[in-house]
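Please read all numbers here as calculations on a predicted model, not as lab measurements. Each chain gets a letter, A, B and so on, in the order the sequences are listed, and its residues count up from 1.
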There are 2 protein chains.
Amino acid sequence: MKQKITLKQIAKELDVSISTVSKALKDSEEISIDTREKIKAFAKFYNYKPNNIALSLKNKKTKTIGVIIPEIVHHFFTTVIGGVEKIANEKGYNVIICSSNNSFDKEVINMEMLASGSADGFILSVAKETQLKKDYHHIQETINQGMPVVLFDRVIDELVCDKVIIDDAKGAQTATNHLLSLGCKNIAILTTVDYISVGKLRTRGYFRALRGFDIEEKEELVLKIEDIDNCESEIDEFLKNKNVDGIFAVNELFAVTAAKILNKQNKKVPQDVAVVAFTDGILSKHFIPSLTTISQHGENMGERAAMLLIDKLEDDETVAEEYRTVIIDTSLVERQSTKKAD
Amino acid sequence: MKQKITLKQIAKELDVSISTVSKALKDSEEISIDTREKIKAFAKFYNYKPNNIALSLKNKKTKTIGVIIPEIVHHFFTTVIGGVEKIANEKGYNVIICSSNNSFDKEVINMEMLASGSADGFILSVAKETQLKKDYHHIQETINQGMPVVLFDRVIDELVCDKVIIDDAKGAQTATNHLLSLGCKNIAILTTVDYISVGKLRTRGYFRALRGFDIEEKEELVLKIEDIDNCESEIDEFLKNKNVDGIFAVNELFAVTAAKILNKQNKKVPQDVAVVAFTDGILSKHFIPSLTTISQHGENMGERAAMLLIDKLEDDETVAEEYRTVIIDTSLVERQSTKKAD
DNA sequence: AGGTGTCACGAAAACGTTTGCGTGTGGAAA
DNA sequence: TTTCCACACGCAAACGTTTTCGTGACACCT
């Protein structure tokens, strides 16, 4: 049960000063070769590792990136984290992940906790509750304290900082256009309530696409779902007697739920109804029929966010007073759910 | 761009000593009420928050739990993390998550990094590569240094520490028994190569169930898949001309892939072939037909692991020389893929 | 021998806390 | 007036580093 060894202990053991040990381990010319070798051998034997905490305190930086996401059990967010980790590790940074569980309070707590010494900067996507409350003081304060913040996916326009987003409206437009170009005339949208920024934007894109094809926008074809956990009955009710021939869903779950319901209602996907989903996840890929989706390239988002943050962290502090917004391209992944009848 | 305020700055500003400030903020009787109020007001105004790094250094503890998992983009592991976070937050601990990406090297690096000051203890599930190499020195060293470690899911028998597992063999047996009790006679298993501990155990359970029903174990009904990423062709080949009436898959992906292939081969699930999967994830739930699964109760695992770890962390150091292995119950979740023909 | 220079190392401050103990000031008791 | 005590506060060490600067010893030159 040997405890971690410190510089002080090495110094004592070898009867030299702490500074000598520190310098020797850094191969400083100041120390004689003999002493250097001796100290290094000793340190290696006892598996000396500098204490990160002490280093952080001294250097006023932790070499750690804090990531705060609304849900940890969520495919899209985890892919983003994957991207962040990739870049972070390349550049010698660590990643701390916290989940806000879509709770405003937990988001605040996590940020304060990480801000008070544990991380040098943040990558975050705001909680649902935060978007609803429109209370961003904790983020603003963090920025004011000089900590770089990169927002992604669910961003806040009012906040001045780096952002990584996709063009949600454009992606939705692409999706809807795809349905239109297949000949669909009666396209429904399954979306979220308006305070979810991405839901709102995707709805906008849907309308834009319809206008492009000179198709009337009908309110009765729009379903705004509040509670994702039991969307099933809502969608079921909605789809009855609607006679839609295309569905655009703003996320995977709405899409597969709809597909299952169509199945029950004896309508075939894609023959009777074509379906496109936003978010290219595991569900869409393996569903039968597999779903055509708009891919958000989450890993890519994570990578770009990490790059932006690390740039800010390593810049000369003074210069970096400009903020960038990176827009990640979405792409249409065509699968069976929109296959043309041959 | 005001920087974080420190005790020292408050002290200077208010013309008292640092210790006075510290004590005042802790409401120490030593300091006069007047001074206390004044300091507290000032601190509140400037939004003073103690620096965690300094505290960690002083207290020799970080109040942080390190979690290392093989994959971050993986439903089961994220549910476990959810459980860990829940308990950790209740008890005032933070959670740092690192992914080893199933790489031995990255696992070692992450552990060393977290061990050198960033976390008080570990919850971990070992990487594939580590299981293959059978090199556990990094974990052993961490334990030797007096840091508590809790292993979960993919555990290492040789390591003496707390563990949280499920009874993989028993779960597999339950699954297979379920198929047998439905009348299946020719049950195939889709499993992993043997060095994956859980795969091996689940295979064992499958055999045990067969023996229980006095059914011959046929090697030709066992498929050990090495590369999960293109298991499709392997399974396709395997299933040809086999005439199986039941399939037990050790994970979701194998199960849905098999289901899709059966579909192509014009066999119906569950009428012609019944399917059970290990791991109750999002895929099984939403697949058509929805899959009967063995649920591992990941969140529960995470909770128990966190409890074990925190117990060790908060015990009087000296006492806690006994190690526990918690076995989480699995349960059969019946869905459409094993529905009896009516 | 005195001066100069180099080599090899040590002392100490700093990062931001907490906390045991020491101490100056004042008032009250003797 | 002296003594004593409580009150209210400050000092300093400690946690483990890094780094600047100082310094002792020795050798070499004149």
Worksheet item: Given atom CG of A:Asn59 and atom P of D:dG16, what is their separation to the nearest angstrom?
Response: 16 Å

Discussion item. What I'd like to find out is whether the side chain of B:Lys4 reaches to under 4.5 Å of the side chain of B:Asn51, using heavy atoms alone.
Written reply: no

Worksheet, complete the sentence: From CD of B:Glu29 across to P of C:dG20 the rounded distance in Å is 15 Å

Discussion item. I want to check one thing: is the phosphate of D:dC15, taken as OP1 and OP2, less than 4.0 Å away from some side-chain N or O of A:Lys8?
Written reply: yes

Discussion item. Rounding to an integer number of Å, can you tell me how far B:Leu57 CG sits from D:dT18 P?
Written reply: 13 Å

Item to complete: Look at A:Lys23 and D:dT20 and indicate whether a side-chain polar atom (N or O) is within less than 4.0 Å of OP1 or OP2.
Response: no

Worksheet, complete the sentence: Between B:Tyr93 and the options B:Ile310, B:Leu309, B:Val84, B:Thr62, the side chain to side chain contact (heavy atoms under 4.5 Å, CB included) test singles out B:Ile310

Worksheet item: Between D:dC9 atom C1' and B:Asp15 atom CG, what is the distance in whole Å?
Response: 12 Å

Practice prompt. May I ask you to say what B:Thr6 touches in the nucleic acid, namely base, sugar-phosphate or nothing, with a heavy-atom cut-off under 4.0 Å?
Written response: sugar-phosphate

Worksheet entry | 5′-ward residue of the pair B:Asn51/B:Glu30 relative to DNA chain C | B:Asn51

Discussion item. Does C:dT18 have its OP1 or OP2 closer than 4.0 Å to a side-chain nitrogen or oxygen of B:Ser22?
Written reply: yes

Worksheet item: Is any side-chain nitrogen or oxygen of B:Ser32 closer than 4.0 Å to OP1 or OP2 of D:dC7?
Response: no

Worksheet item: Which nucleotide, D:dT19, C:dT17, C:dA14, lies nearest any side-chain atom of B:Leu55?
Response: C:dT17

Item to complete: Nearest whole angstrom, please: distance from the C1' of D:dC11 to the CD1 of B:Ile18.
Response: 11 Å

Fill in: Side chain to side chain, B:Val80 and B:Asp153, heavy atoms closer than 4.5 Å
no

Item to complete: Would you indicate what B:Thr35 reaches in the nucleic acid, counting non-hydrogen atoms under 4.0 angstrom: base, sugar-phosphate, or nothing?
Response: sugar-phosphate

Worksheet item: Is any side-chain N or O of B:Lys58 closer than 4.0 Å to OP1 or OP2 of C:dG16?
Response: no

Discussion item. With heavy-atom distances below 4.5 Å as the criterion, would you say the side chains of B:Glu90 and B:Ile87 are in contact?
Written reply: yes

Practice prompt. Hey, can you tell me if B:Phe76 and B:His74 have their rings parallel, tilted or perpendicular (30° and 60° cut-offs)?
Written response: perpendicular

Item to complete: Consider the side chain of A:Ser19, meaning its heavy atoms from C-beta on, and name the nucleotide among C:dA12, C:dA14, C:dT18 that approaches it most closely.
Response: C:dA12

Discussion item. So for B:Thr20 and D:dC9, does any side-chain atom that can act as donor or acceptor lie under 3.5 Å from a complementary atom in the base?
Written reply: no

Worksheet item: Roughly, in whole Å, what's the span from CG in A:Leu7 to P in C:dC9?
Response: 16 Å

Worksheet item: Hey, which of these two, A:Lys49 or B:Ile31, hits DNA chain D nearer its 5' end, going by closest nucleotide?
Response: B:Ile31

Discussion item. So, does A:Lys60 get its side chain near the phosphate of C:dG16, meaning an N or O under 4.0 Å from OP1 or OP2?
Written reply: yes

Worksheet entry | Closest approach of A:Leu25 to A:Ala43 (non-hydrogen atoms, all atoms of both residues) | CD2-CB, 3.7 Å

Discussion item. Rounded to whole Å, how long is the line connecting atom CD1 of B:Ile53 with atom P of C:dC15?
Written reply: 15 Å

Practice prompt. Find the distance B:Ile5:CD1 to C:dG16:P and express it as a whole number of Å.
Written response: 11 Å

